[in-house]
Colleague: 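Once you've had a glance at the structure underneath, I'll fire off some questions.
Given the structure is predicted, the values throughout are model-derived calculations rather than measurements. Order of appearance sets the numbers: ligands from 1, and atoms from 1 within every ligand.
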Amino acid sequence: MSDTTPYGSIIIRGARENNLKDVSLDIPKRKITVFTGVSGSGKSSLVFGTIAAESQRLINETYPAFVQQFMPRYGQPDADQLENISAAIIVDQQRLGGNSRSTVATVTDAAQMLRVLFSRLAEPKLGAPSLYSYNDPRGMCADCEGIGQVAAMDMAAVVDESKSLREGALLPKDFSVDSWWWEIFANSGLFDMDKPIKDYSEEERFNLFHLNDGRKIKVGKIGLTYEGVVSRLKTGLGSKDPESLQPHVLREYEKIFTRAVCPACHGTRLNQAALTSTIKGKSIADLSAMQVNDLAPFVRSIEAPQVGPMLGALALRLENLVTIGLGYLSLDRESSTLSGGESQRVKMVRHLGSSLTDMTYVFDEPSVGLHPHDVGRLAGLMTQLRDKGNTVLIVEHKPDMIAIADHVVDMGPFAGSKGGEVVYEGDFAGLLGSGTLTGNHMKKHQPIKDKVRAAKGEALKIEKAGINNLKDVSIAIPRGVLTAVTGVAGSGKSSLIQGCLPVAYPETIIIDQNLARGSRRSNTATYTGILDNVRKAFAKANGVEASLFSANSKGACPDCNGLGVIYTDLAHLDPMITTCETCEGKRFLPEVLAHELRGKSIADVYEMSIEDAAKFFTEPAVAKILQGLVDVGLGYLTLGQPLSTLSGGERQRLKLAAELGKKGNIYVLDEPTTGLHMNDVDTLIGLFDRLVEAGSSVIVIEHNLDVISRADWVIDLGPGAGNEGGNVQFEGVPADLAKAKHSLTGQHLAAR
Ligand code: ADP
Ligand code: ADP
Ligand code: ZN
Ligand code: ZN
């Protein structure tokens, strides 16, 4: 072993997951290795699909066979040899979903530390830590059961008073005419089915809405328990956590229930006893509502030697949140409201507090959502993790983050089948002279635009916006140009743009990174809507019915129903996915596969990359849609790729492609450069120009200095985050922003 790898290396030989072409490399342990390369070049296939997957598989193998049968099975990654892999912890941008009981405090373990402190130091003394927990019956507010909110029913959505039961007075789906519940009311003998509800007596109203005495009503041959409508809705739908509901049930829920702050605890979730017990005059709810920026020094100021180590540990955890650029959050912030980048950094803080060593930490673009000003501090934390004796693997695109690497692995040369190779391996200095796309881009950047486009028509106005941290912000966004909204994380960019613009201009189209919770049938091809035309082309060429080529027709493989894979559902875990053995993943019956279009079967089409398909399909409607996808830089995706395998950035670009060719819209995109290599960013800027040229207004929330340089107008928020933000720092053209010394963004633009 050479001097540069005193702790040995992770050894990879002949890796072939997805597009990888027999990749062989050694990754030094206890060092920072950054993986770069254009989108689709194979970074994730190597880091997540090979290294992290193997680690996970090895960990699972250590469980007893009995436990293993309940765990998702990770197949052995496709590689000749994988050695020296230690336990991997993946810190990605998966949002911290979870129910409304999950907050910044619970996910960072600060909640637990605070409770212990209160149990030891607070006056009056309550005793045990759990008396301060809203997840414990002894600490929670009884009225809202620790949720902080109560569901109020909107009676106008429940009953149409002008109608009778027979006319369908009850509006929720479960009570519609001839439903089970309707039959129960009809057979109860309690109501005149033809009397409008507004004419009911007090007693009839009580019976219809609230009666719940356990009586049985005969419907058909069976006896069913009677329950009034309001009572039934409360115990049924109303008792559910809305986040756990399926989309169609959620829509019904949202029609009937509105959420209001709990009047008993004012949203603090705790009971009276917990709220009156204080340290230095502050209750645990008061502390949880403070910005972490302010809370950290408060905790440091508590003098209590008997719990010194605990205080120190809590203060350090809070200070790590500040360091990582999250000081503007409060501990009581629900984790489901955090963005992907914020979620990732919160998870990071949890690991920074851990004393484990010789772990492999794997990060997916940790700088997402961070202003250039904060990237340096993030880099510092990565170095700390390494210096504690861990191996740190980072997929990144930002030059400042690539620069901290002890070792760089550059994938390429291009995407999909034109990528999958290691094009450079070595130190950062070597990357600059390597001649690869990444190396070349490190040295050049987009010049600041000097001739900006003129606005068209009346500006988009937001007047005196005050939500979240915004301080009476009034702005005018020019129409028909590209506007960049900038500022440190937490300065108020999303509050202003996503929160206020659609209220003033409902025609605003927000192109975000979420896709409607897709069914298992959703893949690139179904999403783009080209399949109808593809089937017709196959039908015409073979003189058969088009429906034969549909994945839910009689031509589909009966064992996987045209999915090509079999899903095995496991309680509480991700489903297990295996290739269908009957059709070997080809989705269709052999007789369907025998029908060809210009030498390709329908299964071949699903395996084509979008770029190849764009050349293969001469049918104009299909070719046009596919070309749009190539234009947004997604040519490397295959048509059959399930949408669930796409990253957030890829989903956003898929949506963007659908908008190309439309005119005169208002588009909002939040950090569209996520997941994009510098080379792809240039393509993206070209797309924004196309939308603008077609007459649309494009508003991007961005940190990327190349995008900011090419904008026609910039709105900078700040100066800081949270309470210290929420003001407009600058409005104008990028050339002037670079001269605005009071703006952090301006300073970074000028210093490039
Ligand atoms: P990167 O991380 O560099 O953006 P990926 O490793 O995600 O690249 O993708 C490399 C290639 O593998 C791309 O062509 C991509 O479409 C393909 N690919 C990635 N994941 C899957 C998957 N689950 N199924 C099929 N193809 C995939
Ligand atoms: P940016 O988009 O610039 O990162 P945000 O608009 O997300 O900033 O946040 C501005 C302030 O508003 C921050 O203090 C943040 O904690 C707060 N905030 C944002 N969203 C919510 C929310 N859903 N609930 C409570 N506070 C929020
Ligand atoms: Zn309450
Ligand atoms: Zn099958």
Colleague: Any nitrogen or oxygen of Ala489, side chain or backbone, less than 3.5 Å from one on ligand 2?
Modeller: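 Looking only at distances, the answer is no, because the N/O contact criterion of under 3.5 Å is not met.
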
Colleague: Is ligand 2 less than 4.0 angstrom away from at least one heavy atom of Gly487?
Modeller: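 Flag not set, Gly487 not near ligand 2.
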
Colleague: Is the contact between Glu334 and ligand 2 made by the side chain, the backbone, both, or neither, using heavy atoms and a 4.0 Å cut-off?
Modeller: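 No part of Glu334 is near ligand 2 at this cut-off.
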
Colleague: Going by atom types only, do Thr674 and Glu365 share a side-chain donor-acceptor pair under 3.5 Å?
Modeller: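 No donor-acceptor contact under 3.5 Å links the two side chains.
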
Colleague: Can you check whether Ser474's main-chain N or O pairs, donor with acceptor, with Lys464's side chain at less than 3.5 Å?
Modeller: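 Checking the backbone N and O of Ser474 against the side chain of Lys464, no donor-acceptor pair under 3.5 Å is found.
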
Colleague: Taking the Zn ion (ligand 4) as the center, what protein N, O or S atoms are found at less than 2.8 Å?
Modeller: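 Cys557 SG, Cys560 SG, Cys580 SG, Cys583 SG, with waters left out.
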
Colleague: For Glu581, is the CD atom crowded, meaning more than 12 foreign heavy atoms sit under 6.0 Å from it?
Modeller: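 Count not over threshold, so no.
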
Colleague: Select all protein residues for which some heavy-atom-to-ligand 1 distance is less than 4.0 Å, and list them by chain and number.
Modeller: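 Only Asn18, Asn19, Val38, Ser39, Gly40, Ser41, Gly42, Lys43, Ser44, Ser45, Gly416, Tyr636, Leu637, Gln641, Thr645 have heavy atoms that fall under 4.0 Å of ligand 1, ordered by chain and number.
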
Colleague: So which heavy atom on Ser553 is nearest to which on Leu548, and how close?
Modeller: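 What the structure gives for the nearest pair is OG-O, 3.6 Å.
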
Colleague: Taking all heavy atoms of Thr50 and all of Ser45, pick out the closest pair and write down the distance.
Modeller: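 That closest heavy-atom pairing would be OG1-O, 2.8 Å.
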
Colleague: Can you classify the ring geometry of His373 versus His371 as parallel (below 30°), tilted (30 to 60°) or perpendicular (above 60°)?
Modeller: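 Perpendicular: the ring planes of His373 and His371 meet at over 60°.
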
Colleague: Salt bridge check: are Glu54 and Arg57 linked by an N-O gap of less than 4.0 Å?
Modeller: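 Yes, this pair counts.
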
Colleague: Looking at Arg101, Arg269, Arg259, which hits salt bridge (charged side-chain N to carboxylate O under 4.0 Å, His left out) with Glu334?
Modeller: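 The passing option is Arg269.
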
Colleague: Polar-atom distance check: Ser495 versus ligand 2, any N or O pair below 3.5 Å?
Modeller: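 Yes; at least one N/O pair falls below 3.5 Å.
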
Colleague: Would you say the side-chain atoms of Gln149 pair up with the backbone N or O of Gly267, donor to acceptor, closer than 3.5 Å?
Modeller: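 Here the side-chain-to-backbone pair does not exist.
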
Colleague: Does ligand 2 have an atom that lies less than 4.0 angstrom from a heavy atom of Val488?
Modeller: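 Yes, that is the case, since the closest heavy atom of the residue is under 4.0 Å from the ligand.
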
Colleague: Are there over 12 heavy-atom neighbours, none belonging to Phe730, within less than 6.0 Å of that residue's CZ?
Modeller: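 Atom CZ in Phe730 is crowded, with more than 12 foreign heavy atoms closer than 6.0 Å.
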
Colleague: Would you check whether Ser491 has a nitrogen or oxygen atom less than 3.5 angstrom from a nitrogen or oxygen atom of ligand 2?
Modeller: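 Ser491 vs ligand 2: N/O contact under 3.5 Å present.
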
Colleague: Just wondering, more than 12 heavy atoms not from Lys586 lying within 6.0 Å of its NZ?
Modeller: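 No - once you tally the heavy atoms of other residues, nucleotides and ligands closer than 6.0 Å, there are 12 at most.
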
Colleague: With no hydrogens and no angle check, just 3.5 Å: does a side-chain donor-acceptor pair link His677 and Thr36?
Modeller: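 Thr36 and His677 do not have a side-chain donor-acceptor pair below 3.5 Å.
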
Colleague: Considering all heavy atoms of both residues, which atom of Thr579 and which atom of Glu584 are nearest to each other, and what is their separation?
Modeller: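 Smallest heavy-atom distance, with atoms named: CG2-C, 3.9 Å.
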
Colleague: Considering both backbone and side-chain atoms of Gly492, is one of its nitrogen or oxygen atoms within less than 3.5 Å of a nitrogen or oxygen in ligand 2?
Modeller: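 Yes: some nitrogen or oxygen of Gly492 is under 3.5 Å from one in ligand 2.
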
